[in-house]
Amino acid sequence: HVASESKQLSAYEQKMMKRLERANRRAAYEAAGVPLPGAPRKSDDRPLPPPPTDGPDHERLAHLAAEARAKGDKFYFFPAAGPRLKEDAQQLDAFLKEEAREAATEAAEGERPEADV
């Protein structure tokens, strides 16, 4: 059904439909109270708790990872490993690739304003 509709829509209409889908997705994120993907997060300036007497200081490691990402470094902290970590990594990878595709599409559309007309 969707394939037959997309054949009937012009390239401009298809592009507008994609924009509407992105806008609806953003509205759903906002309605759910979830931060938008790729949006800058509020900085967390709370002081870190004292380090534990034994084992790694997970709070400090997570804070350092967040600071590195804010500077553009691709640094992540995973306090536990196992099958769940592998699943989470695959989900994160797919999510980041989708964001990169959307950003590239928006950048390409911005470079070619005559395509919008």
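Heavy-atom basis, side chains included; hydrogens, waters and symmetry copies ignored.
Note: L92 CG to Q90 CD = 11.0 Å, rounded to the nearest 0.5 Å. Rounding to the nearest 0.5 angstrom, the gap separating the CE atom in M16 from the OG atom in S10 is 9.5 Å. The NZ atom of K15 sits 12.5 Å away from atom CG of L20, with the distance rounded to the nearest 0.5 Å.
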Fill in: Worked verdict on R69 versus D73 for salt bridge (Lys or Arg N to Asp or Glu O under 4.0 Å)
CA-CA 5 Å; R69 284 193 311 276; D73 296 329; over 6 Å; no
Worksheet entry | From CA spacing to verdict: side chain to side chain contact (heavy atoms under 4.5 Å, CB included), E99, L96 | CA-CA 5 Å; E99 275 188 346; L96 291 174; 4.0 Å; yes
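Inter-residue side-chain proximity for E67 and L64 is flagged as met; some heavy-atom pair is nearer than 4.5 Å. Under the 4.5 Å side-chain criterion, counting only non-hydrogen atoms from C-beta, R22 is in contact with E106. Using a 4.5 Å heavy-atom threshold, the side chains of K86 and P83 count as separate.
Using a cutoff of 4.0 Å between basic side-chain nitrogens and carboxylate oxygens, E98 and R101 are not scored as salt-bridged.
Residues A65 and F75 share a closest heavy-atom pair of CA-CD2, 3.4 Å.
The side chain to side chain donor-acceptor pair (under 3.5 Å) with E102 is formed by just one residue from the set K97, K18, R25; it is R25.
In this structure, a donor-acceptor pair under 3.5 Å is absent between the side chains of E59 and H63.
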